[in-house]
Asker: 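Please read through the structure below; I'll follow up with questions.
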Number of protein chains: 2
Amino acid sequence: MLRLSKLTDYAVVVLVRLARCDEVQTAPGIATATGIPEPTVSKVLKALASGGLVVSQRGARGGYRLMRSLNEVAVSAVITAIDGPIALTACVEGSVGGCEAENLCPVRGRWDPVNEAIQSALSAITLADMQEAAMVRSFPLVLEPARLESSRLDPTRAVS
Amino acid sequence: MLRLSKLTDYAVVVLVRLARCDEVQTAPGIATATGIPEPTVSKVLKALASGGLVVSQRGARGGYRLMRSLNEVAVSAVITAIDGPIALTACVEGSVGGCEAENLCPVRGRWDPVNEAIQSALSAITLADMQEAAMVRSFPLVLEPARLESSRLDPTRAVS
DNA sequence: ACAAACAGGACCGGAGGGGTCCGCTTAGTC
DNA sequence: GACTAAGCGGACCCCTCCGGTCCTGTTTGT
């Protein structure tokens, strides 16, 4: 299913929310504004901060602020910040020298072109593009009358 | 991490193995040839058969045969056969009307362009491409002396 | 000094996937 | 026609990972 972690989804919401003004916004404030639980918002923001997508202001009256504007942030950057490096992992990931038949295994390196293709695809899409896509979905009555309803109820609204 | 299921990885190995000859090959035979446990090979082949990537011959002297040649099979087809539709799922997948703030939620539809980009990227790569990439990795001494070793030991050999 | 807010880690519960097994059906072979 | 090799479909378990929460610092404005 090529599942993307839900945290990454939250990250996009938080980043878009952060783009609404230039001043710092607190994690509790974003939580109430977006409906995402506060601890989760905090967790997401920490990851985004360490990923260089937002800057944090500690102490009282602190909060977070966008580092770059939305059209300068690629989706790949968000995914990398939340989920780590983008990779369709082959074999057992994280196990150092775990596969005993490494030399015989015909899989080694096989997914590299796929990884590169996905990487370039995700680098070409910015958060501004995603925001625009969401905007389109906000006016389904005009553009695509049947789409909102079907997509809301159909969990298989996948691309393929 | 954009994790891809290990079963899909196995599927590629199995398909490449199947491409070695036109005659039917049994699941136990492929299991011994690839080192993948026999029940798992069987499971993968079942999924590939229902996905139309291989055809099965039942009964004694039965087995599996490729439906199309490797350069006619896109990676997206394999992923779809094993893992289901390709989608970076937003919100809670499978829950019908689970999100109570659907109209307010700014996420709805946001990932659509990303899904489409990934879909097109995966459709452009065939198993023949992956096989070729694996072949390059088979001669690291000539092409890239340091690559085999580093990639073998480094679980973070991701694209980004 | 106090309080508000971030930082960093520990922790837990549930869902999903890897992997296995079993009974059934099909179809060559002797 | 019986036997057997092989696929078919499903049930099942265990383990890992992720979502989500919490707690204890540390920083900094008031």
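Labels below follow one simple rule: chain letters A, B, ... track the order of the sequence lines, proteins then strands, and each chain is numbered from 1.
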Asker: Do the side chains of B:Ser42 and B:Lys46 get nearer than 4.5 Å, heavy atoms only?
Answerer: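 Side-chain contact under 4.5 Å: yes.
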Asker: Using whole Å, report how far CD1 of B:Ile82 lies from P of C:dG16.
Answerer: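 The distance from CD1 of B:Ile82 to P of C:dG16 comes to 19 Å, rounded to the nearest Å.
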Asker: In terms of the nearest nucleotide of DNA chain D, which residue is placed more toward the 5' end: B:Gln25 or A:Pro39?
Answerer: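 Mapping each residue to its closest nucleotide by heavy atoms, the 5'-most match is B:Gln25.
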Asker: Classify the nucleic acid contact of A:Ala49 as base, sugar-phosphate or nothing, counting any heavy atom under 4.0 Å across all strands shown.
Answerer: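 No contact at all - A:Ala49 keeps every heavy atom at 4.0 Å or more from the nucleic acid.
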Asker: Nearest 0.5 angstrom please: A:Leu7 CG to A:Asp83 CG, how far?
Answerer: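 Result: 7.0 Å between the selected atoms.
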Asker: Rounding to an integer number of Å, can you tell me how far B:Glu38 CD sits from D:dC8 P?
Answerer: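 It works out to 12 Å between those atoms.
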Asker: Which distance, rounded to the nearest 0.5 Å, do you find between the CG of B:Leu45 and the CG of B:Leu18?
Answerer: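 Those atoms lie 6.0 Å apart.
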Asker: Categorize A:Pro37 for me: base, sugar-phosphate, or nothing, with a 4.0 angstrom heavy-atom threshold over every strand shown.
Answerer: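 Sugar-phosphate: the residue A:Pro37, judged by heavy atoms under 4.0 Å, touches backbone atoms but no base.
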Asker: Can you measure A:Arg65 atom CZ to C:dC6 atom P for me and round it to whole angstrom units?
Answerer: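 Distance check: A:Arg65 CZ to C:dC6 P gives 13 Å.
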Asker: Taking 4.0 Å as the cut-off, does a side-chain nitrogen or oxygen of B:Tyr64 come that near to OP1 or OP2 on D:dA6?
Answerer: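 The answer is no; no side-chain N or O of B:Tyr64 sits under 4.0 Å from OP1 or OP2.
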Asker: How many whole angstroms separate atom CD of A:Glu23 from atom P of D:dG29?
Answerer: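 Going from A:Glu23 (CD) to D:dG29 (P), I get 15 Å.
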Asker: Looking at D:dC8, I'd like to know if its phosphate oxygens (OP1 or OP2) sit under 4.0 Å from a side-chain N or O belonging to B:Ser56.
Answerer: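 B:Ser56 to D:dC8 OP1/OP2: side-chain N or O found under 4.0 Å.
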Asker: For the pair made of CG in B:Asp9 and P in C:dG17, what is the distance, rounded to whole Å?
Answerer: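 Rounded to whole Å, this separation is 16 Å.
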Asker: Check every atom of D:dG29, C:dC6, C:dG19 against the side chain of A:Arg61 and return the nucleotide holding the closest atom.
Answerer: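 Of the candidates, D:dG29 comes closest.
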Asker: Just to be sure I understand the rule, does B:Leu45 reach a base, reach only the sugar-phosphate, or reach nothing, if contact means heavy atoms closer than 4.0 Å?
Answerer: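 The answer is nothing, as B:Leu45 stays clear of every strand by at least 4.0 Å.
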Asker: Answer yes or no: side-chain N or O of A:Arg58 and base N or O of D:dT26 forming a donor-acceptor pair under 3.5 Å.
Answerer: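 Between D:dT26 and A:Arg58, which were checked side chain against base, a qualifying N/O pair under 3.5 Å is present.
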Asker: Please determine whether a side-chain nitrogen or oxygen atom of B:Thr40 lies at a distance below 4.0 Å from atom OP1 or OP2 of C:dT20.
Answerer: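 So the side chain of B:Thr40 is within the cut-off, an N or O lying under 4.0 Å from OP1 or OP2 of C:dT20.
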Asker: Counting only side-chain nitrogens and oxygens, does B:Gln57 get under 4.0 Å of the OP1 or OP2 atom of C:dT26?
Answerer: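 It does not, given that no N or O in the side chain of B:Gln57 lies less than 4.0 Å from OP1 or OP2 of C:dT26.
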Asker: Please examine the side chains of B:Val12 and B:Leu127, heavy atoms only from C-beta on, and report whether any two atoms are closer than 4.5 Å.
Answerer: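 Result yes, sub-4.5 Å side-chain heavy-atom pair found.
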Asker: Where the side chain of A:Ala60 is defined as all heavy atoms beyond and including C-beta, which of D:dG7, C:dA27, C:dA3 is the nearest nucleotide?
Answerer: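 Side chain of A:Ala60 sits closest to C:dA3.
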Asker: Would you compute the distance between atom CG of A:Leu15 and atom CE of A:Met67 and round it to the nearest 0.5 angstrom?
Answerer: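 A:Leu15 atom CG to A:Met67 atom CE measures 13.0 Å (nearest 0.5 Å).
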Asker: Give a yes or no on whether a donor-acceptor pair under 3.5 Å exists between the nucleobase atoms of D:dG9, that is its base, and the side chain of B:Lys46.
Answerer: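 By the distance-only test, yes, there is a pair.
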Asker: Could you give the NZ-to-P distance, from B:Lys43 to C:dG18, as a whole number of Å?
Answerer: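 Spelled out: NZ on B:Lys43 to P on C:dG18 is 7 Å.
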Asker: Please report the distance, rounded to the nearest Å, between CD1 in A:Ile36 and P in D:dT21.
Answerer: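 The answer, rounded to whole Å, is 11 Å.
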